[in-house]
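What follows is a set of notes on a single structure, which appears directly below.
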Amino acid sequence: MSNSPPHLARPSVIQLAIKEKPALYAAYIPLFTEGGIFIPTSRDYQLGDDIYVLLSLPEDPQRYPVAGKVAWVTPAKAASKRTQGVGILFPKDEKSRLLKLRIEEILGASMASDRPTQTI
C-alpha cells in the first residue's frame, strides 16, 4: 500500500484501439489546440488527472503512447445519451503534434463533416 498523496499517484494506463475511421472521427477532439481523444470509461476521473493512453489508430500498426490530462468528464447518464468517459488533452510536445497530424491525415475529408461526435 502506497502512502503517497493521491495527486502523486501514478497515472492510470488505458489501451484504446480505434479500428475504424467513424470511431476515430467520433473520438477525436480537434477543438483542443494540441489535439485530444475521447476515451469511453466508467472509471471516475477528475479534471486535470494524468492519464497514460496507448492509442492504436485505424490502418496503422503503430501504438502511440500519450501522457495526457483529463480535460473534461462525461458522467454516467449524461444528457443526449452521450457515452460515459473522459476527454484527454494531448501534451504540448512533438510526439503529440505528429499524432494529431496523423489522426487528421487518417480522417482526411471527414474532418469537415458535421456528423455528431462523442465530443463537443
Side-chain angles (χ1 to χ4, degrees):
M1 190 80 182
S2 168
N3 290 337
S4 61
H7 66 278
L8 293 178
R10 288 187 33 187
S12 57
V13 176
I14 293 182
Q15 296 196 36
L16 180 63
I18 300 177
K19 296 184 174 22
E20 297 166 355
K21 276 189 199 180
L24 180 59
Y25 173 81
Y28 179 57
I29 309 169
L31 290 173
F32 291 168
T33 308
E34 318 307 329
I37 200 87
F38 177 81
I39 300 172
T41 179
S42 57
R43 283 189 58 183
D44 282 331
Y45 287 99
Q46 304 296 316
L47 291 177
D49 282 355
D50 289 320
I51 191 164
Y52 190 80
V53 184
L54 286 172
L55 180 62
S56 302
L57 301 174
E59 302 160 25
D60 188 337
Q62 186 172 343
R63 285 171 53 186
Y64 297 90
V66 178
K69 284 206 177 295
V70 174
W72 96 67
V73 176
T74 302
K77 301 180 182 72
S80 16
K81 304 216 185 319
R82 288 196 180 275
T83 303
Q84 180 180 2
V86 292
I88 302 303
L89 175 65
F90 294 166
K92 276 187 184 173
D93 62 20
E94 185 63 11
K95 282 193 308 193
S96 295
R97 190 183 73 77
L98 294 173
L99 174 57
K100 180 177 194 247
L101 291 173
R102 180 69 185 120
I103 290 171
E104 291 179 358
E105 178 185 17
I106 291 169
L107 291 176
S110 64
M111 286 288 298
S113 170
D114 56 3
R115 285 189 321 238
T117 70
Q118 294 293 345
T119 64
I120 300 168

- Beyond-backbone contact of V70 with I88, side-chain heavy atoms, under 4.5 angstrom: yes

- Test side chain to side chain contact (heavy atoms under 4.5 Å, CB included) on T74 and T83 and set out the steps. CA-CA 7 Å; T74 302; T83 303; over 6 Å; no

- Task: Kindly give the heavy-atom pair with the smallest separation between G68 and P91, and that separation in Å.
- Result: CA-CD, 4.3 Å

- Item | Closest non-hydrogen atom pair, L107 against Y25 | CD2-N, 3.6 Å

- Message: To the nearest 0.5 Å, what is the distance between NZ on K100 and CD1 on I29?
- Response: 11.5 Å

- Under the side chain to side chain contact (heavy atoms under 4.5 Å, CB included) rule, collect the residues that match up with E20, sequence neighbours excluded. P22

- With Q15 via side chain to side chain donor-acceptor pair (under 3.5 Å) - residues at least two apart: R63

- Query: Can you tell me how far the CD1 atom of I106 sits from the CG atom of L101, to the nearest 0.5 Å?
  - Reply: 11.5 Å

- Item | Approximate separation, where rounding is to 0.5 Å, of S56 OG and I18 CD1 | 8.5 Å

- How many angstroms lie between CD1 in I103 and CG in D60, if you round to the nearest 0.5 Å? 10.0 Å

- Message: Checking A67 now: which residues fulfil side chain to side chain contact (heavy atoms under 4.5 Å, CB included) with it, not counting sequence neighbours?
- Response: Y52

- Message: Which residues pass the salt bridge (Lys or Arg N to Asp or Glu O under 4.0 Å) test with E105, not counting sequence neighbours?
- Response: R102

- Are any of the side-chain heavy atoms of F90 and K95 separated by less than 4.5 Å? no

- Query: Is K69 salt-bridged to D49, cutoff N-O under 4.0 Å?
  - Reply: no

Please tabulate, for the side chains in residues 30-48, all donor-acceptor contacts under 3.5 angstrom to protein atoms that are two or more places apart in sequence or on a different chain.
unit_1: T41; atom_1: OG1; unit_2: R43; atom_2: N; d: 3.1
unit_1: Y45; atom_1: OH; unit_2: S12; atom_2: OG; d: 2.7

- Does E94 have any side chain to side chain donor-acceptor pair (under 3.5 Å) partners at least two apart in sequence or in another chain, and if so, which? R97

